[in-house]
Amino acid sequence: MLSKSQARTFFISGTLACAVAFVGLTLDTFRRIPAQTRAAAITPDVARGKELWDHNNCMGCHSLFGEGAYYAPELTKVYERRGESFIRGMLTDPEAMFKGQRKMQKYAFSEPDKAALVAFFRWTGQVDLNGFPAKPPLARQATPSRRDVPQPQIFGQLCIVCHSLAGQGGNVGPALDGVGNRRDAEYLRRWLRDPPAVKPDTRMPKLGLPDSQIDELVAFLEAQR
Ligand code: HEC
Ligand code: HEC
């Protein structure tokens with residue numbers, strides 16, 4: 001049994017020690033926030049993207065940093081997962097990306113708005129969240145690349161959503177195994193620039209890829225024989 005004075009000392013010193021630890025840890029957390037959030041990288045575009053995110057209630061369907069609704073995909077790492085062209089496609093017209101299958105509504109974003117949201121997602125992807133969200137097993141790690149032509153990063157981010165290769169990927173478009181036997185480089189280039197210009201009723205959207213990415217993709221696709 002503690003005596004009364006021992007109990008008092010125990011109470012006061014215990015409370016003080018816990019209070020000091022609590023204040024210390026709180027200060028330490030606050031000290032880390034600027035580095036973890038990469039506060040220096042918050043440009044006006046990123047801030048504008050956040051405004052658009054809030055204003056349009058994207059969180060009504062999506063989660064970000066784990067907060068929000070679970071109807072639609074977590075978007076913290078969407079920039080890394082899908083790349084800019086895909087995000088722009090979703091912000092332009094989700095139906096064009098996935099005809100008749102998807103539930104995201106079409107917004108009327110201006111080009112600067114889309115750029116701001118892309119900048120916002122690029123930033124959210126760089127925030128240090130102590131490993132959240134866990135990395136999904138991305139299809140690009142599973143799709144083998146033929147003939148020593150390296151698989152362009154954009155292929156694993158974007159094309160694989162709709163196409164499969166070696167049995168991995170989506171089934172919105174045809175499997176791309178052996179596409180080099182069916183199509184030559186010139187056709188592939190025209191196709192990737194603007195699918196509806198080649199085939200007006202096609203379900204593959206115009207993705208607005210830069211020429212450098214198209215070159216890489218054509219080399220890769222041509223090698224799939
Ligand atoms: C009504 C619900 C809803 C709202 C509101 C909504 N989305 Fe979506 N969004 C979806 C669904 C569902 C998908 C998944 C589409 C799919 O799997 O094909 C999606 C997909 C996306 C993707 C692609 C994610 C991925 O990993 O493929 C992005 C980027 C995106 N949404 C951004 C936004 C932004 C930005 C807003 C707000 C301006 C927004 N969404 C508002 C339902 C919604
Ligand atoms: C939103 C879905 C979607 C995305 C994303 C997409 N495609 Fe397609 N793709 C299709 C569909 C659907 C077709 C079939 C077009 C048709 O015949 O109307 C197609 C056709 C093709 C073809 C022609 C295949 C053939 O046998 O003639 C190639 C090549 C191709 N896509 C490459 C790509 C590449 C490379 C990417 C990534 C940059 C990509 N696609 C992204 C849906 C998509």
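For this chain, numbers begin at 1 and follow the sequence in order. Not measured: the values here are computed from a predicted model.
The shortest distance between side-chain heavy atoms of P94 and Q105 does not fall below 4.5 Å. Put simply, the side chain of L75 does not reach to within 4.5 Å of the side chain of T124, judged on heavy atoms. Put simply, the side chain of V118 reaches to within 4.5 Å of the side chain of R88, judged on heavy atoms. Within the 4.5 Å cutoff, the side chain of P196 has heavy atoms near those of the D194 side chain. Between M204 and C162, every side-chain heavy-atom pair lies at or beyond the 4.5 Å cut-off.
A salt bridge links K50 and D54; the closest N-O separation between the charged side-chain nitrogens and carboxylate oxygens is under 4.0 Å. In summary, R31 and D28 engage in a salt bridge, as defined by a charged side-chain N under 4.0 Å from a carboxylate O. Taking the charged nitrogens against the carboxylate oxygens, E186 and R189 have no contact shorter than 4.0 Å, which rules out a salt bridge. Checked for salt-bridge contact, D211 and R193 meet the test: a charged N lies under 4.0 Å from a carboxylate O.
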Practice prompt. Given side chain to side chain contact (heavy atoms under 4.5 Å, CB included), test R32 with D128 step by step and report yes or no.
Written response: CA-CA 10 Å; R32 288 171 198 239; D128 178 359; over 6 Å; no
Practice prompt. Show the numbers, then the answer: is there a side chain to side chain contact (heavy atoms under 4.5 Å, CB included) between T202 and W191?
Written response: CA-CA 11 Å; T202 184; W191 180 261; 3.4 Å; yes
Worksheet entry | Chi angles and distances behind the side chain to side chain contact (heavy atoms under 4.5 Å, CB included) call for L221, L176 | CA-CA 8 Å; L221 294 173; L176 292 178; 4.0 Å; yes
Worksheet entry | Verdict with supporting geometry, D177 and Q224, side chain to side chain contact (heavy atoms under 4.5 Å, CB included) | CA-CA 6 Å; D177 303 272; Q224 305 304 315; over 6 Å; no
Discussion item. Could you walk me through whether R82 and Q157 satisfy the side-chain hydrogen bond (donor to acceptor under 3.5 Å, both in side chains) test, starting with their C-alpha distance in whole Å, then the side-chain angles of each, then the deciding distance to 0.1 Å, before giving a yes or no?
Written reply: CA-CA 4 Å; R82 297 293 194 217; Q157 290 175 325; over 6 Å; no
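Linking Ile, Leu, Val, Met, Phe, Trp and Tyr residues whenever their side-chain heavy atoms come within less than 4.5 Å places F65 and F120 in a single cluster.
By the side chain to side chain contact (heavy atoms under 4.5 Å, CB included) test, R183 pairs with V179, Y187, L188, sequence neighbours left out. P174 is linked by a side chain to side chain contact (heavy atoms under 4.5 Å, CB included) to H163, counting only residues two or more places apart in sequence or in another chain. Residues passing the salt bridge (Lys or Arg N to Asp or Glu O under 4.0 Å) test with R122, sequence neighbours excluded: E84. When the side chain to side chain contact (heavy atoms under 4.5 Å, CB included) test is applied to N56, the partners found at least two apart in sequence or on another chain are L52, C58, Y107, F109. For K114, the salt bridge (Lys or Arg N to Asp or Glu O under 4.0 Å) test picks out E111, with sequence neighbours left out.
The shortest non-hydrogen separation linking W53 to M59 is CZ2-CG, 3.7 Å. Minimum interatomic distance between L217 and C159 (heavy atoms only, all atoms of both residues): CD2-SG, 4.2 Å. Between S85 and L158, the shortest heavy-atom contact is CB-CD2, 4.0 Å. Across all non-hydrogen atoms, the minimal contact from V127 to R38 is N-CD, 4.4 Å. Considering all non-hydrogen atoms of both residues, I160 and L165 come closest at CD1-N, 4.5 Å. When all heavy atoms of V46 and A41 are compared, the closest pair comes out as CG2-O, 3.9 Å.
How far NZ of K106 is from CG of D93: 4.0 Å, rounded to the nearest 0.5 Å. Taking CE from M1 and CD from Q6, the interatomic distance works out to 10.5 Å, rounded to the nearest 0.5 Å. Here CD of E216 is found 11.0 Å from CD of Q151. Values are rounded to the nearest 0.5 Å. Distance CG/D215 to CG/L192: 10.0 Å, rounded to 0.5 Å. The NZ atom of K206 sits 10.5 Å away from atom CG of L209, with the distance rounded to the nearest 0.5 Å. Rounded to the nearest 0.5 angstrom, F220 CZ and Q213 CD are separated by 14.0 Å.
The backbone N or O of A39 lies less than 3.5 Å from no partner atom in the side chain of W123, so there is not a single donor-acceptor pair. Side chain of S164 to backbone of G167: no donor-acceptor contact under 3.5 angstrom is found. Distance alone, capped at 3.5 Å, places no donor-acceptor pair between the D45 side chain and the A116 backbone. With S63 contributing its side chain and Y70 its backbone, the two residues share no donor-acceptor pair below 3.5 Å. With hydrogens and angles disregarded, no donor-acceptor distance shorter than 3.5 Å links the side chain of E51 to the backbone of R48. Remark: side-chain polar atoms of E74 are paired, donor with acceptor, to backbone N or O of T76 under 3.5 angstrom.
Within 6.0 Å of CD on E67 lie no more than 12 heavy atoms contributed by other residues, nucleotides or ligands. In R182, the CZ atom is crowded: over 12 heavy atoms of neighbouring residues, nucleotides or ligands sit closer than 6.0 Å.
Cluster partners of L16, using a side-chain heavy-atom cutoff of under 4.5 Å among ILVMFWY residues and allowing indirect links, are F11, I12.
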